[in-house]
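When a ligand or atom number is given, it counts from 1 through the structure's own listing order. Every value quoted in this text rests on a predicted model; they were computed, and no experiment measured them.
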Amino acid sequence: MVNRGIFITLEGGEGVGKTSQQSLLAQALRDKSVEVLVTREPGGSPGAEEIRRLLVEGEVGRWTPMSETLLLLAARNDHLVRTIIPALESGTLVICDRFSDSTTAYQGGGLELGTDMVRELSRLVVGEVTPDLTLILDLDVEIGLQRANGRTNGKEGEQQASNHIQRYERMDRDFHERTRQCFLEITAQEPGRCVIIDATQEMDKVHEDIMTAIMERLETRLP
Ligand code: TMP
């Protein structure tokens, strides 16, 4: 792809605050006259949003680790082809809430399918599309789950939202610890692409750290 837009992904465990940070970041970049597309995974295209429901609702053990991974990759392929690639080709900056690193960490690490296996499957589906910058929001697992639980309980009547948070939230603590460790390993392996952001801080400070990382690494490509 020539002259493509910048691709930024936000990653991390449950309750780390990615979605709020995505909105703050999008606004800050729009204030700098950058054209921004905000999207998410699993989801981001009509078909992928349908697959999302299969993944985020229902019983913890409803899928095998491999079937879950293939559903995620099916959703990713649709999202990439229909949403992300056209936006990047038109020069739009894309901020995606979760992408391939979530599959490596959650299914490869958390569900113990193996990170090599997940990366190999991903390579076939994702091809050459690699984020320019990945912000990994890191937080103690217990605090993150408490935050996510509070969010679920606070959404009275929003049954769908509650269901979707709960399937992964209901996975055991060791699953979430393995996932967190895997995100940290990915960062150690790819320090040029990934930056750890301390998500224990106040929301404004997290945003400030995100903006610092973006200016350090991408300023020359911004308008
Ligand atoms: P969200 O709560 O950040 O919107 O994401 C929905 C859930 O999907 C979240 O609990 C993590 C999970 N997930 C995976 O397990 N693997 C993946 O590849 C992606 C994109 C999400």
Counting heavy atoms not belonging to R119, are there more than 12 under 6.0 Å from its CZ? yes
Just heavy atoms, cut-off under 4.0 Å: does R40 contact ligand 1 by side chain, backbone, both, or neither? neither
Inspect the surroundings of CD in E219 and state if more than 12 heavy atoms from other residues, nucleotides or ligands are less than 6.0 Å away. no
Any pair counted as ring-ring contact (aromatic ring centres under 6.0 Å, His included), so long as it reaches residues 103-125, sequence neighbours left out: Y106-Y168, Y106-F175
Could you tell me whether D97 and ligand 1 have an N or O pair separated by under 3.5 Å? no
For ligand 1 and T103, I'd like to know whether there is a polar contact (N/O to N/O, distance under 3.5 Å). yes
Can you pull out every salt bridge (Lys or Arg N to Asp or Glu O under 4.0 Å) where at least one residue sits in residues 108-117? Sequence neighbours excluded, please. E112-R178
Around M215, counting heavy atoms of other residues, nucleotides and ligands shown, do more than 12 lie under 6.0 Å from its CE? yes
For T83 and T39, which I'm curious about, is there any donor-acceptor pair between the side chains at under 3.5 Å? no
Numbered atoms and elements of ligand 1 in range of P42, under 4.0 angstrom, heavy atoms: 8 (O), 19 (C), 20 (C), 21 (C)
Please classify the L72 to ligand 1 contact at 4.0 Å (heavy-atom distances, strictly less than): side chain, backbone, both or neither. side chain
Taking 4.0 angstrom as the limit and counting only heavy atoms of R76, give me the atoms of ligand 1 inside it, by number and element. 18 (O), 20 (C)
Is the shortest distance from a heavy atom of R167 to ligand 1 less than 4.0 Å? no
Out of T179, V118, V56, who gets a non-hydrogen atom closest to atom 6 (C) of ligand 1? V56
Please check whether Q107 reaches ligand 1 - meaning an N/O of the residue sits under 3.5 Å from an N/O of the ligand, judged on distance alone. yes
Between the candidates E11, E14, E41, R52, which shows the shortest non-hydrogen contact distance to atom 4 (O) of ligand 1? R52
Heavy-atom count check: over 12 atoms from other residues, nucleotides or ligands less than 6.0 Å from E190 CD? yes
